[in-house]
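Encoded as structure tokens, the structure appears first; notes follow it.
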Amino acid sequence: MEKTFGEILERVRSKRPLVHHITNIVVANDNANCMLAVGALPVMAYAREEVEEMVAQAQALVINLGTLTGEVVESAILAARKANEVGIPVILDPVGAGATSFRTQSALQVLETAKVSVLRGNRAEIASLLGMRALVRGVESGEVEESPCAIVEKASLRFGTVVAITGEVDWVSDGKRVIRVFNGHPLLTKVTGTGCMATSLCGAFCGVEKDFLMATAAALSFLGVCAEKAAPFSLGPASFRNHLFDMMYKVDGDTFARMARFEVESL
């Protein structure tokens with residue numbers, strides 16, 4: 001599978017998938033640069049008047065609910081339905097679900113009105129969508145009683161999609177298998193929007209690989225490998241951010257395959 005992860009990365013570089021983003025204003029620039037660095041093409045289009053036309057040209061749709069408004073929800077649903085119609089994957093990042101009822105209900109509305117291919121969030125966000133007790137502070141994960149393994153399994157079965165919970169260890173499940181990804185570095189938690197970058201990378205990898213469980217695990221492992229290679233050159237969060245983009249550009253398929261650390265389990 002290590003070789004397969006590397007092959008998916010090389011496919012992103014050769015096919016250059018266009019990833020349509022409806023993302024948040026805090027991280028839009030970093031999301032776009034992340035796509036260019038890995039070899040994909042970004043487009044940020046939010047207006048209801050154009051999202052269906054734009055998504056029809058894309059190979060993946062990323063919906064990030066970080067800076068939420070009613071208009072963003074309407075655009076997200078229009079775009080997701082169009083993505084289903086043209087057969088491209090939809091990746092949903094329910095940023096801050098559980099912090100307010102508006103965020104939780106908006107994420108559930110997207111999940112209920114369109115087919116979502118990948119749901120990626122932190123442990124508290126995904127638990128909140130399942131109605132579990134979770135303490136969410138702003139957009140940061142808080143206390144949750146259930147284990148990440150139990151949450152990704154339940155969420156995958158409930159919503160009929162691949163579910164990823166990112167953290168010190170990343171957990172990915174399609175309801176039948178669970179992949180634990182061990183790559184990463186603590187500096188990822190000191191830079192705004194690295195979780196959003198993970199969602200964007202899921203979009204790029206799912207844009208070229210139909211096994212969305214494999215594509216999602218590969219995307220999260222790739223971000224972790226780039227972080228591991230960037231950290232030794234960094235003085236702190238600011239220089240780490242720059243080196244992280246450099247590594248997304250420089251890490252090749254063979255290096256990625258050699259450094260990827262993960263385990264696959266059947267449920």
Side-chain angles (χ1 to χ4, degrees), residues 12 16-38 40-100 102-122 125-126 128-129 138-139 159 161-164 166 192-208 212 215-216 219 223:
V12 171
R16 305 194 72 195
L18 177 66
V19 183
H20 179 178
H21 284 69
I22 297 176
T23 189
N24 73 70
I25 60 173
V26 179
V27 300
N29 184 251
D30 280 350
N31 287 161
N33 284 327
C34 168
M35 291 293 89
L36 291 174
V38 74
L41 297 174
V43 63
M44 277 58 181
Y46 303 81
R48 285 169 291 181
E49 292 82 357
E50 69 167 352
V51 289
E52 293 174 290
E53 192 175 351
M54 188 65 78
V55 82
Q57 303 171 35
Q59 281 70 58
L61 169 67
V62 168
I63 298 172
N64 178 310
L65 302 180
T67 47
L68 198 56
T69 67
E71 289 76 13
V72 168
V73 177
E74 292 178 20
S75 292
I77 290 172
L78 281 175
R81 286 176 169 166
K82 186 65 178 182
N84 289 170
E85 182 183 323
V86 299
I88 65 169
V90 178
I91 292 80
L92 174 64
D93 189 336
V95 181
T100 69
F102 178 51
R103 286 173 180 272
T104 305
Q105 292 306 315
S106 296
L108 290 172
Q109 189 177 0
V110 174
L111 285 162
E112 290 165 359
T113 56
K115 171 64 179 174
V116 170
S117 306
V118 178
L119 173 65
R120 189 220 66 84
N122 63 41
E125 289 165 346
I126 304 302
S128 295
L129 296 179
V139 297
F159 301 118
T161 185
V162 170
V163 177
T166 50
T192 301
T194 53
C196 302
M197 289 185 209
T199 305
S200 292
L201 289 169
C202 290
F205 280 56
C206 287
V208 300
F212 298 139
T216 300
L223 180 62

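Counting heavy atoms from C-beta outward, Leu201 and Met35 have side chains that approach closer than 4.5 Å. The shortest side-chain heavy-atom distance between Ile77 and Val110 falls under the 4.5 Å cut-off. Pro17 is listed as a side-chain neighbour of Val12, based on a closest heavy-atom distance under 4.5 Å. Looking at Asn64 and Val95, their side chains come closer than 4.5 Å, going by heavy atoms from C-beta outward. With a 4.5 Å cut-off on side-chain heavy atoms, Phe212 and Thr161 do not count as touching. Met197 is not listed as a side-chain neighbour of Val27, based on a closest heavy-atom distance of 4.5 Å or more. For the pair Pro94/Leu119, a side-chain contact is recorded, criterion being any heavy-atom separation below 4.5 Å from C-beta on.
For the pair Ile22 and Ala79, the tightest heavy-atom approach, listed with the atom from each and the gap, is CD1-CB, 3.8 Å. Summarising the geometry of Cys202 relative to Thr216, their closest heavy-atom pair is SG-CG2, 3.7 Å, with the distance given to 0.1 Å. When all heavy atoms of His20 and Ala58 are compared, the pair lying nearest together is CB-CB, 3.9 Å. Considering every non-hydrogen atom in both Cys206 and Ile91, the closest pair reads CB-CD1, 4.2 Å. In terms of heavy atoms, Gly203 sits closest to Ala60 at O-CB, 3.2 Å.
The only member of Val73, Leu108, Leu129, Leu68 that meets side-chain contact (heavy atoms from CB on, under 4.5 Å) when paired with Arg103 is Leu68.
For the pair Thr104 (side chain) and Gly98 (backbone), a donor-acceptor distance under 3.5 Å is present. Checked by atom type and distance alone, the side chain of His21 pairs as donor or acceptor with a backbone atom of Val19 at under 3.5 Å.
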Donor-acceptor list for residues 42-57 side chains, cut-off 3.5 Å, not counting sequence neighbours:
| from | atom 1 | to | atom 2 | distance (Å) |
| --- | --- | --- | --- | --- |
| Tyr46 | OH | Thr23 | O | 3.3 |
| Arg48 | NH1 | Glu74 | OE1 | 2.6 |
| Gln57 | NE2 | Glu53 | O | 3.4 |

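Rounding to the nearest 0.5 Å gives a distance of 11.0 Å between CG of Leu36 and CG of Asn31. With rounding to the nearest 0.5 Å, the separation of CD in Gln59 from CG in Leu41 is 8.5 Å. Remark: Thr166 OG1 to Asp93 CG distance equals 8.0 Å, nearest 0.5 Å.
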Candidate pair Leu92 and Leu65, rule side-chain contact (heavy atoms from CB on, under 4.5 Å), full reasoning: CA-CA 8 Å; Leu92 174 64; Leu65 302 180; 4.2 Å; yes
Full working for side-chain contact (heavy atoms from CB on, under 4.5 Å) between Lys115 and Val90: CA-CA 7 Å; Lys115 171 64 179 174; Val90 178; over 6 Å; no
